[in-house]
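Encoded as structure tokens, the structure appears first; notes follow it.
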Amino acid sequence: MIKRFSYKPLNVAVDIDAMRIGYPCINRTLDCSANKTFRLKSYSEERLVETVDNNLRCLKEILAFNVDHDIYFFRITSDLVPFASHEINTFNWQNHFSGAFQELGDFIDERDMRVAMHPDQFIVLNSIHEHVYERSLAELRYHAEMLDLMHVDATAKIQIHVGGVYDDKEASMERFAGRYNELDDQIKKRLVVENDDVSYTIEDCIQIHEMTGIPVVFDYLHHHVKRSDGSLNEILRRVDATWSDYDGLPIYDYSSQEPGERAGKHAEHIDRHDFTDFLEKTKEHAFDVMLEIKDKEKSAIDAIEAARQKDLL
DNA sequence: CAGTGTCAAGGTGGA
DNA sequence: TCCACCTTGACACTG
């Protein structure tokens, strides 16, 4: 088993001897949700503060649960601050919650955890609509500000997809690259791009890396659904090369296919055999893996156990 | 109080 | 041209 490394903020390589396995956003065991929100119609500053207070408290609880279960990778929900980038929100949440964010960041840092975020489908950097592009920028700003307020290093990534095709893929990829290159460092240092199951393959993402330097997240199931040519290991070697020490280990997203459902549909629970098979196949690579499985932490706990049993962790 | 239609936001592809 | 789907929870209204 090869050694795996993580990079602390001091830029000193620390041997942690194991990949991090994580899950996204929600913990179903705890009765505490960091995704609490409310309707735009019910917006008030009071409601916002109350909701964010709850969300930050629950995020802390979830992270503590994770440490107790040896889970060192977690995707933070984009709903942590509802309407953060919406024009209705004129409240200085950054300032108001800076202490709480810092506290969360310290917790993450002290335990050598890694976090990431994944803004949802409405964030389209390469949109042909100016207003969509501008809203996307504002939303990316919110994500970056939040991670900055936690003072987590540049290994805490924000992952997005390339976006739309608009009947001209080449032009759309170039538009993505042009807009990425114009971003300021606050966003750029965290942004990474991931293959999707409809439009952009891992090869496309690697091509965009060549145009921009952006690191590439490998999504295993999307790759399975919308395949590029080339062997898995060959592609992963190229993916790994898009990540520098500054960015931390490459991130792979893994999910099992739900049996008997549409190709690409995420499974209810992890298929342990399929997962350890995936780890066997990717043995030569050092990475952190995010499990996109519906039952979340239950699958993560199972995955860690399964990997340990086969001496893959 | 349980059931359920709907929620800030986009893009694709099938009907 | 329109609508379901993505992925998903949870809000908030209705009966």
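Only this structure's heavy atoms are used, side chains among them; waters, hydrogens and symmetry mates stay out. These figures come from a predicted structure and were not determined experimentally.
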Exercise. Write down the partner of dA8(B) under the Watson-Crick or G-U wobble criteria, each distance required to be under 3.5 Å.
Key: none

Self-check item: Rounded distance in Å - CG (L221(A)) to C1' (dC6(C))
Solution: 13 Å

Quiz item: Think K36(A) has a side-chain N or O under 4.0 angstrom from the OP1 or OP2 of dC11(C)?
Solution: yes

Self-check item: Nearest-angstrom distance from the residue atom CG of N27(A) to P of dG9(C)
Solution: 13 Å

Quiz item: Which comes earlier along DNA chain C counting from the 5' end, the contact point of I26(A) or that of R47(A), where each point is its nearest nucleotide?
Solution: I26(A)

Quiz item: Whole-Å distance between dC7(B) P and D120(A) CG?
Solution: 16 Å

Exercise. Would you please indicate yes or no on a ring centroid separation below 6.0 angstrom for H223(A) and F218(A)?
Key: yes

Quiz item: Can I160(A) and Q121(A) be said to form a side chain to side chain contact (heavy atoms under 4.5 Å, CB included), step by step?
Solution: CA-CA 8 Å; I160(A) 60 170; Q121(A) 60 204 354; over 6 Å; no

Quiz item: Where the side chain of S42(A) is defined as all heavy atoms beyond and including C-beta, which of dG9(C), dA12(C), dG10(B) is the nearest nucleotide?
Solution: dA12(C)

Self-check item: Euclidean distance for P, dA9(B) against dA12(C) (whole angstrom)
Solution: 15 Å

Quiz item: Between the side chains of D204(A) and T201(A), is a donor N or O closer than 3.5 angstrom to an acceptor N or O?
Solution: yes

Nucleotide N/O to protein N/O under 3.5 Å, stretch nucleotides 11-15 of chain B:
from, atom 1, to, atom 2, distance (Å)
dG11(B), OP1, S127(A), OG, 3.0
dG11(B), OP1, Y166(A), OH, 2.3
dT12(B), OP1, V165(A), N, 2.5
dT12(B), OP1, Y166(A), N, 3.4

Quiz item: Rounded to the Å, how far apart are Y43(A) OH and dC11(C) C1'?
Solution: 17 Å

Practice problem: For the residue pair Y220(A) and T282(A), establish whether any side-chain heavy-atom pair is separated by less than 4.5 Å. | Solution: no

Exercise. For S85(A), answer base if it contacts any base atom (sugar-phosphate contacts may also be present), sugar-phosphate if it contacts only those atoms, and nothing otherwise; contact means non-hydrogen atoms under 4.0 Å.
Key: base

Practice problem: Could you check whether R39(A) gets within reach of a base, just the sugar-phosphate, or nothing at all, counting any heavy atom under 4.0 Å? | Solution: base

Quiz item: Once you round it to whole Å, what is the distance between C1' of dG10(B) and CG of D197(A)?
Solution: 15 Å

Practice problem: Considering only atom P, compute the distance from dG9(C) to dG10(B) and round it to an integer number of Å. | Solution: 22 Å

Quiz item: Would you say Y133(A) and I158(A) are hydrophobically clustered, going by side-chain heavy atoms of ILVMFWY under 4.5 Å?
Solution: yes

Quiz item: Which value, in whole Å, describes the distance between the P atoms of nucleotides dA2(B) and dT8(C)?
Solution: 26 Å

Quiz item: Looking for any heavy atom pair under 4.0 Å, which part of the strands does E292(A) touch: base, sugar-phosphate only, or nothing?
Solution: nothing

Practice problem: Side chain of T37(A) only, please: which of dG10(B), dA8(B), dC11(C) is the nearest? | Solution: dC11(C)

Quiz item: F101(A) vs F97(A) aromatic rings, parallel, tilted or perpendicular, using cut-offs 30° and 60°?
Solution: perpendicular

Quiz item: Toward the 5' end of DNA chain C, which comes first, K41(A) or S33(A), by nearest nucleotide?
Solution: S33(A)

Exercise. Provide the distance between the two C1' atoms, one in dA4(C) and one in dT6(B), to the nearest whole Å.
Key: 15 Å

Exercise. Treat each ILVMFWY residue as a node, draw an edge where side-chain heavy atoms are under 4.5 Å apart, and state whether V192(A) and V124(A) are in one component.
Key: no

Quiz prompt | 4.5 Å side-chain heavy-atom contact, N233(A) and H285(A) | solution = yes

Quiz item: What's the NE2-P distance between H143(A) and dA9(B), to the nearest Å?
Solution: 17 Å

Self-check item: Centroid distance under 5.5 Å and plane angle under 30°, F122(A) vs dG10(B)
Solution: no

Quiz item: Could you state the CD-P distance from E130(A) to dG10(B), rounded to the nearest angstrom?
Solution: 14 Å

Quiz item: Centroid-to-centroid, H69(A) to F65(A), below 6.0 Å?
Solution: yes

Quiz item: Now, which nucleotide makes the Watson-Crick or G-U wobble pair with dT8(C), with each of the two distances under 3.5 Å?
Solution: none

Quiz prompt | Atom-to-atom span, CZ of R75(A) to C1' of dT8(C) - whole angstrom | solution = 13 Å

Quiz item: What integer number of Å spans the P atoms of dG5(B) and dT7(C)?
Solution: 22 Å

